[in-house]
Amino acid sequence: MNQTLRSKCANRLREKSLQRIKHDLRLSETVSPFGVGAIVDIRGESLIAPDTSWWNERQSPEIHCERLVERLGPTVLREAPTHSNRAGKDTNGLLYWRFPEWRFCERCAALSRRTGRNRGKWTNKCDCGGALVPMRYVAICTKGSHIQDVPWFKWAHRGHDDGVTEEVRFCRAYKEIRFVRSAKSGEGLNSLRIVCDGCKRSRSLSELVLKDALARDGIRCEGAQPWLDRDQASACEHPLVAVQRGATSNYIAERVSALDIPEEKPQSLAIADAIRGHEDFHRVVSDNGGPKSEMISGWIADEVGTTVEEVTRLAAEGDIQDDDILTSLKDGEWAAFHKKLTSLGRDQSDDNFVVDSWLTASVPAFPTSLAGVLSAVGEVRRVREVRALKGFRRHSADSELIPADMSVKSIRRQVLPAIEMFGEGIFLQFDEAKLADWEQNTNVRLRAEILKNRRNEIDWAQRLSIPEARFVALHTIAHLLIRRLAHESGYSSASLQERIYADSSRPDRTAGILIYTASGDAQGTMGGLVRLGSPEKLVPLLLAALDDADVCSNDPVCIESDSQGSSNLNLSACHGCSLVSETSCETANRLLDRQLVLGGRDVPGLLEGILEEVRASSSRGK
């Protein structure tokens, strides 16, 4: 441990001796998309963000969100330091490392890890005066989520062709390697070559991207991140692959967010707490299903207002904790929204959770068939959201998770990058009885089973929500609304977020959608979204969203499809009708299906018949 700490101190001293170059990022970008472990391309330079152990805690204010910290465990949420106007010499900021270190000169084509110097200061220029450009390819580990430079000199002198002579094998012309473009060698990667002027070795980048190319050349994973010293690296036996520096697979962030609301306990949890807190409950547990337990369970059930079976079930199973952080967070949020919607009218509270609510059945203009499915609407005038970055993966979603805090102290208390945002939104609550009845249809269940089976066959996809019929339908409705709201609200589609509450496996079933906007700087609470939640504006919006989805530009291919999207995790849904910005979607544009909303091929849709009712009513009115 002492050696590791000394290495870190040495790194910090080395950084202090280098010239500090200031670049600006938006505050929200420090969590996504340029959080810990991400590569940032800015002003011709390529940088990577180290873990939070490199943050100056005095300059990084703590963000408080009890609901989120309670689920994450011993955690401190910290926000990156900010400033206004232009950054000065002493402006607080985050440390980013230059990566990849290998760069080539756009003037003389020299390829090296060296950095130019001008009057004793480090610059991003070659000795010839040309700008240094980062190499476009890096090496990432297929399972360990590690990333490193491609050792270009070593790679250029390897290979299995006849050109690898003794002179090439023992070449030491480290300063004579160049990155050149030559049309004589063909097009694409064949035209990009690494050339050594010392031994005259030349190798095309097309050889770099072949299967197991780096392994055949003897290049192994170092088992570390670029900001760590070699003595902090761990042994890694997984192979490396060469990928483009900006590839999306280089960084797969794992984030978790929570609404900062006065959390309400779901009814089932409140009853469970009352049962466990009853003075006679220990007698049921100790009797362990004996003759007295049923009698005592009846006394408890009568006092609490539940069933005997519920009391005996709790006594048998003990205290089971829910390991799903997001699901647990959503349970509390659903209960809070449900309580708000039971108090109809204008919300007079002055906290960070203000919701005006109304019932669809009380609005004469609401189509009867739609009011039977959508029971209540909440106009969320103010809501606070806290987003935190837990860690990241590379190459694939089933790779090892690298925590955002890699320090020794994180074992006791981790420090996670976070950001708080204030926004507004619209909450839609659907009728549970109607949903439950619709889910019992055989064709509906079979349709949802397609996505369930595909999700279960893919390891990384099992982190997505279970695509039961209600989730797929409500998720698709949320996407249709986001596409329509982007035209009407003044917010861009990427500024709108969704939160789907659709789970029939929970003790308290959920059936709702929250569409909201939240931003730490530019947008968030301008009123353009919440005003569309009023009855006279929401009804036309809902009908317009359904009308947009009724016919897709890719129909009939889209509506008849059972395999679309990433890993075929969409059914009848494509860019022409249902997909939105991936940053707006909880599942990155997966688990969508128009048929479960509008119907088709013997599958009754949740909102099927509403458009026909409105169109028929309009025809009679004319």
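Hydrogens, waters and symmetry mates play no part in the numbers below; they use all other heavy atoms, side chains included. Only a predicted model underlies this, so the values are computations on that prediction, with no experimental measurement involved.
Judged by distance alone, with hydrogens and angles left aside, the side-chain atoms of Ser489 form a donor-acceptor pair with the main-chain N or O of Leu485 at under 3.5 Å. Panel note: side chain Thr476, backbone Leu592; no donor-acceptor pair is recorded below 3.5 Å. At least one donor-acceptor pair closer than 3.5 Å links the side chain of Arg483 to the backbone N or O of Leu579. Without hydrogens or angle criteria, Gln564 side chain to Leu571 main chain gives a donor-acceptor distance under 3.5 Å. Of the possible polar contacts, none joining the Tyr251 side chain to the Phe34 backbone as a donor-acceptor pair under 3.5 Å is found. Under the 3.5 Å distance criterion, the side-chain polar atoms of Ser572 are matched with a main-chain donor or acceptor of Ile559. For the pair Glu608 (side chain) and Leu596 (backbone), a donor-acceptor distance under 3.5 Å is absent. No donor-acceptor pair closer than 3.5 Å links the side chain of Asp51 to the backbone N or O of Asp405.
The closest side-chain heavy-atom distance from Leu474 to Leu435 is below 4.5 Å. Within the 4.5 Å cutoff, the side chain of Leu532 has no heavy atoms near those of the Leu538 side chain. With contacts defined as side-chain heavy-atom distances shorter than 4.5 Å, the pair Val472/Asp593 qualifies. A 4.5 Å side-chain heavy-atom check between Pro50 and Trp97 finds at least one atom pair inside the cut-off.
In terms of the side-chain contact (heavy atoms from CB on, under 4.5 Å) criterion, Ala361 has no residue partners (sequence neighbours excluded). In this view, Asn570 satisfies the side-chain hydrogen bond (donor to acceptor under 3.5 Å, both in side chains) rule with no residue, not counting sequence neighbours. Partners of Ser581 according to the side-chain contact (heavy atoms from CB on, under 4.5 Å) rule, which considers only residues two or more places apart in sequence or in another chain, are Ser493, Ala494, Thr583, Ser584. Contacts of Ser362 classified as side-chain contact (heavy atoms from CB on, under 4.5 Å), with partners at least two apart in sequence or in another chain: Leu359. Shown here are the salt bridge (charged side-chain N to carboxylate O under 4.0 Å, His left out) partners of Glu488, two or more places apart in sequence or in another chain: Arg484. By the salt bridge (charged side-chain N to carboxylate O under 4.0 Å, His left out) test, Arg384 is found to be paired with Asp260, Glu420, residues two or more places apart in sequence or in another chain being considered. Legend: residues meeting side-chain hydrogen bond (donor to acceptor under 3.5 Å, both in side chains) with Asp41, ordered by chain and number and at least two apart, are Arg245. Scanning for ring-ring contact (aromatic ring centres under 6.0 Å, His included) contacts around His479 gives His475, with sequence neighbours left out. Ala469 is linked by a side-chain contact (heavy atoms from CB on, under 4.5 Å) to Trp438, Glu439, Val444, Ala448, counting only residues two or more places apart in sequence or in another chain. For Glu385, the side-chain hydrogen bond (donor to acceptor under 3.5 Å, both in side chains) criterion is met by Ser257, Arg387, Tyr516, not counting sequence neighbours. Remark: Glu57 engages no residue in a side-chain hydrogen bond (donor to acceptor under 3.5 Å, both in side chains) (not counting sequence neighbours). The ring-ring contact (aromatic ring centres under 6.0 Å, His included) test applied to Phe353 returns Phe337, not counting sequence neighbours.
The distance from the CG atom of Leu329 to the CG atom of Leu72 is 8.0 Å, given to the nearest 0.5 Å. Rounding to the nearest 0.5 Å gives a distance of 8.5 Å between CG of Leu607 and CG of Leu542. Rounding to the nearest 0.5 angstrom, the gap separating the CZ atom in Arg470 from the OG atom in Ser504 is 5.0 Å.
Residue-environment remark: CD (Glu612) exceeds the threshold of 12 foreign heavy atoms within 6.0 Å. Crowding of Ile466 atom CD1: a count of heavy atoms from other residues, nucleotides or ligands under 6.0 Å not exceeding 12.
With respect to the salt-bridge test (charged N to carboxylate O, under 4.0 angstrom), the residues Glu468 and Lys452 do not qualify. Ion pair Arg381/Asp356 flagged as a salt bridge, since at least one NZ, NE, NH1 or NH2 atom sits closer than 4.0 Å to an Asp/Glu carboxylate oxygen. Comment: Glu586 engages Lys330 in a salt bridge, judged by a side-chain N to carboxylate O separation of less than 4.0 angstrom. Salt bridge annotation for Arg615-Asp550: present, with a cationic side-chain nitrogen under 4.0 angstrom from a carboxylate oxygen.
Using cut-offs of 30° and 60° on the angle between ring planes, the pair Phe366 and Trp358 is perpendicular.
Side chains of Thr517 and Glu424: a donor-acceptor N/O pair is absent below 3.5 angstrom, by distance only. For the residue pair Arg78 / Gln59, no side-chain donor-acceptor distance below 3.5 Å is found, with atom types taken as modelled. Defined by atom type and a distance below 3.5 Å, a donor-acceptor pair is missing between the side-chain atoms of Thr587 and Arg455. Using modelled atom types, one finds no donor on one side chain facing an acceptor on the other under 3.5 Å when comparing Thr75 with Arg413.
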Determine, step by step, whether Val377 and Thr360 satisfy the side chain to side chain contact (heavy atoms under 4.5 Å, CB included) criterion, reporting the C-alpha distance in whole Å, the side-chain angles of both residues, the deciding distance to 0.1 Å, and the verdict. CA-CA 7 Å; Val377 177; Thr360 57; 4.1 Å; yes

Please lay out, stage by stage, how Glu79 and Leu27 fare under the test side chain to side chain contact (heavy atoms under 4.5 Å, CB included). CA-CA 8 Å; Glu79 184 181 79; Leu27 179 60; 3.5 Å; yes

